[in-house]
Amino acid sequence: MKALTIAPGKADSAAVLEVAEPAPLEGSLLVQALELGLCGTDFELISAEYGWAPPGKDHLIIGHESLGTVQEAPEGSGFSKGDLVVGLVRHPDPVPCVACGAGEFDMCRNNRYTERGIKEINGFASERWRTDPAFAVKLDSNLRDVGVLTEPTSVVAKAWDHIERIGRRAVWKPKTVLVTGAGPIGLLAALLGVQRGLEVHVLDRVQDGPKPKLVEDLGATYHTGPVKDIKLCPDIIIECTGVASVIVETIEQLGNDGILCLAGVSSHNQNVTLDIGNINRTLVLENSVIFGSVNANHNHWQLAEEALRKADRNWLSRLITRKESLNDWKKALERHSDDIKVVLDFGKN
Ligand code: BGC
């Protein structure tokens with residue numbers, strides 16, 4: 001079968017190679033790939049800024065935003081042939097640490113977790129893949145067109161879950177949320193904010209293309225320019241750009257008792273000068289919380305599936321701006337200014 005691979009540590013090594021069928025040891029669920037979403041992490045893998053091959057191997061099959069149909073499932077696994085499924089990205093460390101031992105592998109304490117298509121286990125960019133049923137989530141068959149968005153939605157479902165857990169430290173009735181960055185993660189974070197009945201603001205640098213209208217059609221408000229120009233101090237900020245100057249602006253704009261969730265993985269070497277004394281003073285005097293959030297556990301994947309089911313299907317499908325075949329993988333890896341989510345379509349020639 002064909003798979004999109006890289007040689008981790010070697011820049012621009014992406015290639016479609018003929019690889020062996022997935023081995024039964026990789027899991028009892030055999031899945032025929034339908035689609036695969038690409039994200040910023042895949043570009044980091046391709047430019048060799050990130051990523052690890054399976055032990056003893058030179059190549060890694062990339063891809064962590066899966067969608068497929070079950071071809072083989074063992075009796076009693078909860079899955080049957082034909083089910084629409086997605087595969088979980090992170091697998092617990094072998095120790096396991098206290099978090100992984102409790103199924104919260106998104107919070108792994110010793111960094112010995114593995115991640116499909118990213119860290120030491122092959123990903124989902126192959127025509128077929130296997131997984132253990134414990135690391136798969138069945139989707140409503142109605143989600144066929146947008147189910148590939150489950151993984152990025154699981155990441156924001158976790159961010160929202162942790163924001164709300166932090167919020168419960170005191171009486172808290174948040175009204176406003178600002179999301180910085182209107183890529184897939186930002187737009188899905190905004191969707192979950194609207195689903196919670198909050199007043200949602202989204203800030204991005206572009207003034208045209210599909211983003212402003214997508215935000216407006218969600219019932220949220222679109223902004224460009226400096227964060228301070230939004231003229232409100234949000235109860236919650238979800239920072240999805242990873243850009244140092246935007247991060248600083250969000251810290252300065254956060255409301256009293258505010259919660260700032262950092263959800264964008266930054267590139268290295270972005271130096272800014274900060275008055276930490278002043279930042280600390282404000283954070284202390286205003287009970288503010290700044291925290292980072294990555295990945296998602298099984299519960300967040302279920303929450304993601306529910307959020308996608310509740311969302312307007314037409315709005316969601318507009319997030320997928322381009323579909324390319326596996327043969328056209330080079331086109332899929334081009335970056336167009338109007339792209340939101342680019343998907344590899346395994347059914348397309
Ligand atoms: C993925 C996460 C993963 C993170 C760090 C993100 O792109 O969506 O599942 O944990 O990269 O590797």
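Keep in mind it's a predicted model, so treat the numbers as computed, not measured. Each ligand, and each atom within it, is numbered from 1 in the order the structure gives.
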Can you tell which part of His64 has a heavy atom less than 4.0 Å from ligand 1: side chain, backbone, both or neither?
side chain
Do the side chains of Gln195 and Leu191 get nearer than 4.5 Å, heavy atoms only?
yes
Closest to atom 4 (C) of ligand 1 among protein heavy atoms sits Val294 CG2, 3.8 Å
So which protein heavy atom does atom 7 (O) of ligand 1 come closest to, and at what separation?
Thr41 OG1, 2.5 Å
Minimum heavy-atom distance Leu344-Trp329, with the two atoms named
CD2-CA, 4.1 Å
Gly37 and Val343 have their tightest heavy-atom pair at CA-CG2, 4.2 Å
Show me which atoms of ligand 1 lie under 4.0 Å from any heavy atom of [X].
| X | answer |
| --- | --- |
| Tyr50 | 5 (C), 12 (O) |
| Glu151 | 1 (C), 2 (C), 8 (O), 9 (O) |
| Cys39 | 7 (O) |

Please compare Glu115, Glu65, Arg116, Arg90 and report which has the shortest non-hydrogen distance to atom 12 (O) of ligand 1.
Glu115
Between His91 and Phe135, what is the ring plane arrangement, given parallel below 30°, perpendicular above 60°, and tilted in between?
parallel
Hey, are Gln32 and Thr69 close enough side-chain-wise for a donor-acceptor pair under 3.5 Å?
no
Does any N or O in the side chain of Gln270 come within less than 3.5 Å of the main-chain N or O of Val272, such that one atom is a donor and the other an acceptor?
no
